[in-house]
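Letters A, B, ... mirror the listed sequences (proteins, then strands); counts begin at 1.
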Amino acid sequence: MLQAFFIILQRDLILAVRHRAELMNPVLFFVLVVVLFPLGIGAEATILERIAPGIIWVAALLAALLSLDRIFRTDMEDGSLEQMLISAQPMSLLILAKIIAHWLITGLPVVIAGPLLALFLGLSVEGIETLFITLLLGTPILSAIGSVGVALTVGLRRGGVILSLLVLPLYVPVLIFASQAVDAAAAGFQPAAAIGMLSALLLLSLSLTPWAASAALKMSVS
Amino acid sequence: MIMRFIYQLGSPPYFYALSGRLLPWLTGICLILFATGLYGGLVLAPADYQQGDSFRIIYIHVPAAWMSMFVYMVMAFSGAMALIWRIKIAEIILINSAHIGAVFTFLALVTGSIWGKPMWGTWWVWDARLTSELLLLFLYLGVLALYSAIDDKRKAARAVAILALVGVVNIPIIHYSVEWWSTLHQGPTITKFDAPSIDTRMLIPLLLMAVAHKFLYAIVVLLRARNDLLWRERRSQWVANLFKGGS
């Protein structure tokens with residue numbers, strides 16, 4: 001059982017590395033969205049510092065949303081998803097592996113790029129530290145919740161818009177807690193409460209969403 | 001006993017007949033409730049000492065806001081029934097509730113904003129309850145969009161049922177996260193059971209209106225479900241029998 005988990009994880013990572021150009025797309029998108037904000041709002045340092053956590057987190061949400069489709073779409077198209085569903089392994093475990101793989105491929109680059117961009121936006125050192133922690137805790141939640149949304153829409157031809165309608169409202173708590181934590185840290189307060197909530201959300205989403213996603217996949221594939 | 005009732009309810013002809021018998025009663029009670037509630041609320045209740053007569057919009061606003069959450073609970077419940085027992089009626093109730101729930105949510109938002117203009121001096125504030133109501137509207141719209149995107153309607157109903165269950169787990173999380181985020185809304189005036197901070201003459205019409213809205217929802221959902229049911233079962237024998245006399 002655990003072996004199947006690691007096989008899926010390894011397979012998804014290998015597949016991602018073989019498509020190196022695609023690997024860069026989400027993080028490039030993330031950087032671009034963040035760069036657009038100073039251009040649109042103006043480069044006033046105080047404003048930028050104030051809105052930096054929100055901008056970076058919204059951009060992270062959008063980057064995650066953009067890349068969600070790949071969790072199941074290609075597997076659906078080449079039929080390997082069906083093989084996973086009819087295999088003797090518990091589907092929720094395989095989905096957990098796919099969520100983690102998706103996070104390693106698309107979330108981790110954002111976790112690394114986020115603090116760098118925050119530096120460009122003039123966030124304080126405390127803020128940047130907290131931003132890193134929230135990104136580390138928060139981006140896996142995005143992949144986990146997103147897996148349910150993708151599982152529900154993977155059978156549709158034009159699932160993209162619907163996917164964003166399904167997933168973005170569910171992302172709101174992550175956005176709120178994460179940007180609150182960074183705001184608090186940047187203002188010199190303890191961000192521990194919001195970070196604790198984020199950790200709770202992470203555990204909750206990692207333990208519940210594979211289950212919901214597997215039910216949704218069984219529906220989508222049948 | 002209860003299980004038998006549920007299984008009976010799951011049979012389309014039985015449901016159709018039962019709802020047909022219930023509807024006149026429901027309509028009657030609903031009309032009475034609306035009449036007394038509106039009379040009590042608009043005529044008998046005293047004007048608020050601060051808000052004057054414009055507080056009277058709560059007789060639509062508050063019941064609509066309550067209904068928006070109540071209907072989501074109904075959706076999640078019938079979603080669970082649809083997933084566990086594959087009951088067709090539950091699927092139909094689920095999706096038709098989503099339409100009504102979205103309308104109630106929209107109504108709550110619109111009336112709230114009409115009330116907010118004279119009271120807060122602005123059409124919209126990013127207040128916790130307004131925002132979570134707005135997010136609830138998006139959840140409803142997501143349900144509707146997903147349902148209409150899947151062609152096979154039985155499959156669509158299962159997808160929507162899963163989504164409704166995921167949503168119902170998330171609603172408290174969303175609600176409290178938004179609550180933390182900011183709040184300006186006046187505190188709840190009715191849930192404090194020991195000493196409600198609202199005049200009884202204002203409260204009773206409000207409760208009447210709340211029940212009236214529940215009946216209204218029941219009527220509309222039954223009407224829609226009956227229509228939907230007839231359309232889905234249009235090739236079956238019992239529907240043919242139903243219309244043999246008429247045509």
Are the charged groups of A:R11 and A:D75 less than 4.0 angstrom apart, N to O?
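The answer is yes: the pair qualifies as a salt bridge.
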
State plainly whether the residues B:R224 and B:D228 are in salt-bridge range, i.e. N to O under 4.0 Å.
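No.
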
Pick from A:L165, A:V172, A:T153 with the largest number of heavy-atom pairs that fall under 4.5 Å of chain B
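Max contact count across the listed options: A:L165.
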
What residue in A:S179, A:P169, A:A212, A:A194 has the most heavy-atom pairs under 4.5 Å with chain B?
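Max contact count across the listed options: A:P169.
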
Supply the atom-to-atom distance A:L201 CG to A:L204 CG, rounded to the nearest 0.5 angstrom.
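One finds 7.0 Å between CG of A:L201 and CG of A:L204.
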
Looking only at the aromatic ring of each residue, does the gap between the centers of B:Y72 and B:Y140 stay below 6.0 angstrom?
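Close enough - the centres of the two rings lie under 6.0 Å apart.
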
With a 4.5 angstrom heavy-atom cut-off, which part of [X] approaches chain B: side chain, backbone, both or neither?
| X | value |
| --- | --- |
| A:L152 | both |
| A:L175 | neither |
| A:S164 | neither |

In terms of relative ring orientation, are B:F104 and B:H213 parallel, tilted or perpendicular, with 30° and 60° separating the classes?
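Because their plane-to-plane angle lies in the 30° to 60° range, the rings of B:F104 and B:H213 count as tilted.
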
Let me know if B:I174 has heavy atoms under 4.5 Å from chain A in its side chain, its backbone, both or neither.
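Contact with chain A: backbone and side chain both.
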
So which of B:L163, B:D152, B:V169 has the largest heavy-atom pair count under 4.5 angstrom toward chain A?
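Counting heavy-atom pairs under 4.5 Å, the top option is B:L163.
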
Polar side-chain atom of B:H61 near backbone of B:T111 as donor-acceptor pair, under 3.5 Å:
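Absent.
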
